[in-house]
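Presented below is the structure to which this report refers.
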Amino acid sequence: MLSRFKRAIVQSYIGAIALGYLFAQIVFYFVGVFATPVATWATESHFHQDTHNNVTPTLSLLTSVPDVIRFTLSLTLWYLLLWWLYMKSSGPEKSEPSTESQ
């Protein structure tokens, strides 16, 4: 039953579309790893500038930890699905028995 499900997903291109969508999400998570600390720093510097504090905001990489986790887990899931759907050989193909008229 699982092989029929896999074959249906591959033949109808649903697997390829889903893998493409997941890969696009992975790219967004990767960009977020670098964008989140910069956005946090910019927000803090604007806030500190408005309140006239003498505390200087720092660029902290700890704010990107959730994006790193999302990126890693999504990339792992993407690779496993890619391997299962398209790289894993499901054994020799069963050929249909030929029916020849005599």
Side-chain angles (χ1 to χ4, degrees):
M1 180 170 152
L2 196 58
S3 64
R4 288 189 316 172
F5 177 69
K6 176 182 170 182
R7 187 173 43 241
I9 288 176
V10 170
Q11 289 176 351
S12 65
Y13 299 108
I14 292 173
I17 293 168
L19 284 173
Y21 176 76
L22 184 59
F23 188 74
Q25 288 295 317
I26 290 168
V27 169
F28 285 133
Y29 292 148
F30 183 72
V31 169
V33 168
F34 302 104
T36 302
V38 173
T40 304
W41 173 79
T43 304
E44 287 178 357
S45 76
H46 180 70
F47 175 74
H48 289 297
Q49 195 175 40
D50 287 345
T51 59
H52 303 292
N53 289 341
N54 291 333
V55 179
T56 306
T58 60
L59 189 65
S60 174
L61 294 178
L62 290 177
T63 57
S64 66
V65 169
D67 287 320
V68 170
I69 293 171
R70 281 187 219 124
F71 171 75
T72 306
L73 292 177
S74 297
L75 187 63
T76 304
L77 176 67
W78 179 81
Y79 180 75
L80 289 174
L81 285 173
L82 181 72
W83 177 76
W84 179 64
L85 288 174
Y86 297 104
M87 293 181 189
K88 182 179 176 187
S89 67
S90 58
E93 292 289 324
K94 296 178 184 175
S95 62
E96 297 290 327
S98 62
T99 56
E100 293 182 18
S101 301
Q102 292 183 7

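Computed over heavy atoms, backbone and side chain alike; hydrogens, waters and symmetry mates excluded. Throughout, residue positions are numbered sequentially from 1 according to the sequence presented.
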**Report entry** Heavy-atom check, side chain of Ile26 versus side chain of Phe30, under 4.5 Å
**Finding:** no
Query - Shortest non-hydrogen contact from Gly15 toward Leu85 - result: CA-CD1, 4.1 Å
Query - Trp78/Leu82 under side chain to side chain contact (heavy atoms under 4.5 Å, CB included): CA gap, chis, key distance, verdict - result: CA-CA 6 Å; Trp78 179 81; Leu82 181 72; 3.8 Å; yes
Requested in this report: Could you go through the side chain to side chain contact (heavy atoms under 4.5 Å, CB included) check for Phe71 and Val27 one step at a time?
Outcome: CA-CA 8 Å; Phe71 171 75; Val27 169; over 6 Å; no
**Report entry** Joint hydrophobic cluster, Leu80 plus Ile14, side-chain heavy atoms closer than 4.5 Å
**Finding:** no
Requested in this report: Report the C-alpha separation of Ser74 and Tyr29 in whole Å, then their side-chain angles, then the decisive distance to 0.1 Å, and conclude whether the side chain to side chain contact (heavy atoms under 4.5 Å, CB included) test is met.
Outcome: CA-CA 9 Å; Ser74 297; Tyr29 292 148; 3.4 Å; yes
Query raised in the report: When hydrophobic residues are tied together by side-chain contacts of less than 4.5 Å, even through go-betweens, does Leu77 share a cluster with Leu75?
Result: yes
Requested in this report: Sorted by first residue and then second, give each salt bridge (charged side-chain N to carboxylate O under 4.0 Å, His left out) pair with at least one member in residues 62-74; sequence neighbours left out.
Outcome: Asp67-Arg70
**Report entry** Interatomic distance, Ser12 atom OG to Ile17 atom CD1 [nearest 0.5 angstrom]
**Finding:** 8.0 Å
Report task. Identify the heavy atoms of Pro37 and Gly32 that sit nearest to each other, and give their distance. Result -> CD-O, 4.2 Å
Query - Thr76 to Thr72 - nearest heavy-atom pair and separation - result: OG1-O, 2.8 Å
Query raised in the report: Around atom CZ of Phe28, are there more than 12 heavy atoms of other residues, nucleotides or ligands at under 6.0 Å?
Result: no
Report task. May I ask whether Leu62 and Ile69 are part of the same hydrophobic cluster, defined by side-chain heavy atoms of I, L, V, M, F, W, Y residues being less than 4.5 angstrom apart, directly or through others? Result -> yes
Report task. Please report the closest heavy-atom contact between Thr63 and Pro66, naming both atoms and the distance. Result -> O-CD, 3.6 Å
Query raised in the report: Under a 4.5 Å side-chain heavy-atom rule over Ile, Leu, Val, Met, Phe, Trp and Tyr, are Phe5 and Leu19 clustered together?
Result: yes
